[in-house]
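Report on the structure given below.
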Amino acid sequence: MNKFKINWSDLDENRQNALAEFSGFYALVAENIEDEASTEVDLLYIGMAYERTILNLVKQPYRAFDFLEEYEKLNLDMETFFMVGLLQENAPNETPKNIFSNIQCLLVRQNEPLFNVPCKEIKSNHTANLSITNSGDYEPLEEFSDSL
């Protein structure tokens, strides 16, 4: 089994420079800002930045974010923000794109974001046996995801 640990954090201005050089995963999340007592959180989208940086990806127009404007119009009490996830050092030095894609598929399958299209097939059978542990500020993601 291929085991991966992803460390998640919010993408805020303080972290943007630190993340400018990294590939990894990102999640678009919305939380209720009108009611301080509310725990309402929507996981909107999980994506990956492979062979490009997370920061460059989230700062440019991207077809996967076409839903965002409509969502924000319909949910004025929700504020959206990005979370970023970086593979930790126990990951192979060179993680092939098919494994990155399979990690994204498993994250989508396990967490069911509102605007992802579920993966139809896994990229390679020998990489489909995955175990993911999310660490850091990973909520609303599930802590563990196992196997596709």
Side-chain angles (χ1 to χ4, degrees), residues 1-33 38-72 75 78-148:
M1 177 173 288
N2 293 307
K3 295 183 179 186
F4 296 92
K5 183 176 183 180
I6 303 173
N7 189 32
W8 291 90
S9 61
D10 291 348
L11 180 61
D12 59 24
E13 288 184 24
N14 296 329
R15 295 205 18 96
Q16 286 185 11
N17 290 335
L19 294 170
E21 309 250 340
F22 294 101
S23 297
F25 301 91
Y26 59 91
L28 184 58
V29 179
E31 65 183 356
N32 189 314
I33 57 170
S38 175
T39 59
E40 182 182 3
V41 177
D42 288 338
L43 178 58
L44 304 177
Y45 188 82
I46 296 173
M48 70 174 194
Y50 185 81
E51 294 183 345
R52 57 186 165 171
T53 68
I54 297 168
L55 185 60
N56 287 338
L57 181 81
V58 300
K59 282 190 164 189
Q60 64 184 338
Y62 186 56
R63 63 180 170 77
F65 304 144
D66 290 346
F67 63 85
L68 185 56
E69 186 176 328
E70 186 67 23
Y71 176 87
E72 288 176 333
N75 297 280
M78 302 294 276
E79 180 176 73
T80 57
F81 63 95
F82 279 97
M83 295 170 36
V84 294
L86 302 177
L87 286 176
Q88 296 303 288
E89 56 192 72
N90 64 334
N93 289 338
E94 295 182 16
T95 305
K97 186 173 183 178
N98 66 328
I99 292 180
F100 246 69
S101 296
N102 287 346
I103 291 170
Q104 179 191 7
C105 287
L106 183 54
L107 288 169
V108 168
R109 185 176 291 168
Q110 182 72 33
N111 294 283
E112 300 178 346
L114 295 174
F115 298 108
N116 278 89
V117 175
C119 300
K120 293 182 181 177
E121 62 183 62
I122 305 311
K123 307 297 183 213
S124 170
N125 288 334
H126 71 279
T127 62
N129 196 12
L130 298 175
S131 174
I132 300 169
T133 301
N134 291 310
S135 66
D137 295 326
Y138 62 85
E139 292 182 358
L141 299 171
E142 298 289 331
E143 184 175 6
F144 300 106
S145 301
D146 286 317
S147 291
L148 294 167

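Values reported hereafter were calculated over all heavy atoms of this structure, with side chains retained and with hydrogens, waters and symmetry mates removed. Numbers for residues simply follow the sequence, beginning at 1.
You'll find the side chain of Met48 reaches within 4.5 Å of the side chain of Ser101, heavy atoms only. Inter-residue side-chain proximity for Phe4 and Asn102 is flagged as unmet; no heavy-atom pair is nearer than 4.5 Å. Side-chain contact between Leu114 and Leu43 is absent, with no heavy atoms from C-beta onward closer than 4.5 Å. By the 4.5 Å heavy-atom criterion applied to side chains, Asp42 and Tyr71 are counted as neighbours.
Nearest approach of Phe100 to Phe25, heavy atoms of both residues: O-CE2, 3.6 Å. Nearest approach of Val41 to Pro140, heavy atoms of both residues: CG1-CG, 3.7 Å. For Asp137 against Met83, the heavy-atom pair with the smallest separation is O-CE, 3.4 Å.
Partners of Asn32 according to the side chain to side chain contact (heavy atoms under 4.5 Å, CB included) rule, which considers only residues two or more places apart in sequence or in another chain, are Glu34, Asp35, Ser38, Glu40, Asp77, Met78. Take Tyr138 and apply the ring-ring contact (aromatic ring centres under 6.0 Å, His included) test, not counting sequence neighbours, and it matches no residue. In this view, Phe81 satisfies the ring-ring contact (aromatic ring centres under 6.0 Å, His included) rule with no residue, not counting sequence neighbours. With sequence neighbours left out, the side chain to side chain contact (heavy atoms under 4.5 Å, CB included) criterion links Asn116 to Tyr45, Ile46, Gln104, Val108, Pro113. Contacts of Glu69 classified as salt bridge (charged side-chain N to carboxylate O under 4.0 Å, His left out), with partners at least two apart in sequence or in another chain: Lys73. Taking the side chain to side chain contact (heavy atoms under 4.5 Å, CB included) definition, one finds that Glu72 meets it with Leu68, Thr80, sequence neighbours left out.
Note that CD1 of Ile103 and CG of Asn2 are 8.5 Å apart. Values are rounded to the nearest 0.5 Å. How far CD of Gln110 is from CD of Glu143: 11.5 Å, rounded to the nearest 0.5 Å. Atom CG of Leu106 and atom CD1 of Ile132 lie 4.0 Å apart (nearest 0.5 Å). Interatomic distance, Asp10 CG to Phe82 CZ, rounded to the nearest 0.5 Å: 12.0 Å. Note that the CD1 atom of Ile6 and the OG1 atom of Thr133 stand 9.0 Å from one another [nearest 0.5 Å].
A donor-acceptor pair under 3.5 Å links the side-chain atoms of Ser23 to the main chain of Arg52, judged by distance alone. When atom types are taken as modelled, the side chain of Gln88 and the backbone of Leu86 share a donor-acceptor pair closer than 3.5 angstrom.
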